[in-house]
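The block underneath contains the structure these notes are about, expressed in structure tokens.
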There are 2 protein chains.
Amino acid sequence: MNIKLNSRDPVYIQVIRYFKEQIATGILEPGQEIASRRELANKLKINPNTAQRAYKEMEEQGLIFTEGNLPSRITKDEVIIKHVREELILEAVNTFIASIQSINVSLEEAVELIKKNYHKNPNEQEGNQ
Amino acid sequence: MNIKLNSRDPVYIQVIRYFKEQIATGILEPGQEIASRRELANKLKINPNTAQRAYKEMEEQGLIFTEGNLPSRITKDEVIIKHVREELILEAVNTFIASIQSINVSLEEAVELIKKNYHKNPNEQEGNQ
DNA sequence: TAAAGTGTATTAAGCATATAATACACAACA
DNA sequence: TGTTGTGTATTATATGCTTAATACACTTTA
């Protein structure tokens, strides 16, 4: 469970994003059981209600499903899973392009920056006001 | 005044970011007068207190300064101005890299995506849940 | 001089988020 | 059979952000 919570964004949003990443990379497999609400809350030191809110929303989005009162599981719908990855990529690309265009960074400059920083250890990186 | 406010982030944060972009691109020049709190609030249809909060924070960060009760002005400190642009770029790059690495997108794939989407009309783009 | 426009400050209310503390029905299991 | 662990739900409280409504001191200007 390698998730860092920031204090900017709503916690339940960050939890959902974390699961989307795990699903997109295949770390969480179709049909796989996930932590219960209480278990997740314990691990992340968050409130069980917040965990419940995240799971409820993921259920509404079809990312997970629940049968009876068994622990929830990752969807088996491959279409949804594929869509999750594409959605995350598209969002990242669009956000990045909007950011650099707003300050007149050229395509060449942007590509150079990505190449230069891609292999850096994140701990060496600065930024994020 | 070309600023779109979303409902995700705090308004005063978005206002600060907007001014940083204007400063970074040189659209707002050193020493230039900016809209008064009330004027800005009117233009953006936000509360004067929110405008005041944004300006106060920008003043604390050295981005603007105020003499007497004249309209505030953009800082004349070129070091700060240069730093603003670098900060925005670094933040965009680091955020993007973190996002794509979290879903195992390769450097090559990432560069391709940037190249493919850079010249697209933003209105054609999708995403942003 | 009076009006209008500055920056600055205070108080109150509403909303979303997060936490806290419970509660209940159900199923597995020791 | 009772305990434990599921999902699910409700009520209350606190905090941050936003809006609203004022207020005051100071300049400029008509």
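Because the structure is a prediction, the values reported are computed rather than measured. All chains are named by letter (A, B, ...) in the order of the sequence lines, taking the proteins before the strands, and each is independently numbered beginning at 1.
Checked against salt bridge (charged side-chain N to carboxylate O under 4.0 Å, His left out), Arg73(B) has no partners two or more places apart in sequence or in another chain. Residues passing the side chain to side chain contact (heavy atoms under 4.5 Å, CB included) test with Ala24(B), sequence neighbours excluded: Ile103(A), Val84(B), Arg85(B), Leu88(B). Looking at residues two or more places apart in sequence or on another chain, you find a salt bridge (charged side-chain N to carboxylate O under 4.0 Å, His left out) between Glu39(B) and Lys43(B). Phe19(A) is linked by a ring-ring contact (aromatic ring centres under 6.0 Å, His included) to Tyr55(A), counting only residues two or more places apart in sequence or in another chain. For Lys56(B), there are no salt bridge (charged side-chain N to carboxylate O under 4.0 Å, His left out) partners two or more places apart in sequence or in a different chain. Annotation: side-chain hydrogen bond (donor to acceptor under 3.5 Å, both in side chains) contacts of Gln52(A) (sequence neighbours excluded): Arg37(A).
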Write out a two-atom table: protein N or O, nucleotide N or O from nucleotides 24-30 of chain D, distance below 3.5 Å.
unit_1: dC26(D); atom_1: O2; unit_2: Asn69(B); atom_2: ND2; d: 2.8

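Residue-to-nucleotide proximity on DNA chain C shows that, of Gly68(A) and Asp9(A), the 5′-proximal contact is made by Asp9(A).
Contact check of residues 46-55 of chain B against DNA chain D (heavy atom, cut-off under 4.0 Å) returns Ile46(B), Asn47(B), Asn49(B), Thr50(B), Arg53(B).
For residues 63-112 of chain B, the pairs satisfying ring-ring contact (aromatic ring centres under 6.0 Å, His included) are Phe96(A)-Phe96(B), with sequence neighbours left out.
Distances shorter than 4.0 Å separate none of the side-chain N or O atoms of Ser36(A) from OP1 or OP2 on dG5(D).
The distance between atom CE of Met58(A) and atom C1' of dT8(D), rounded to the nearest whole Å, is 15 Å.
A donor and an acceptor atom, one from each side chain of Glu59(B) and Thr66(B), are located under 3.5 Å apart.
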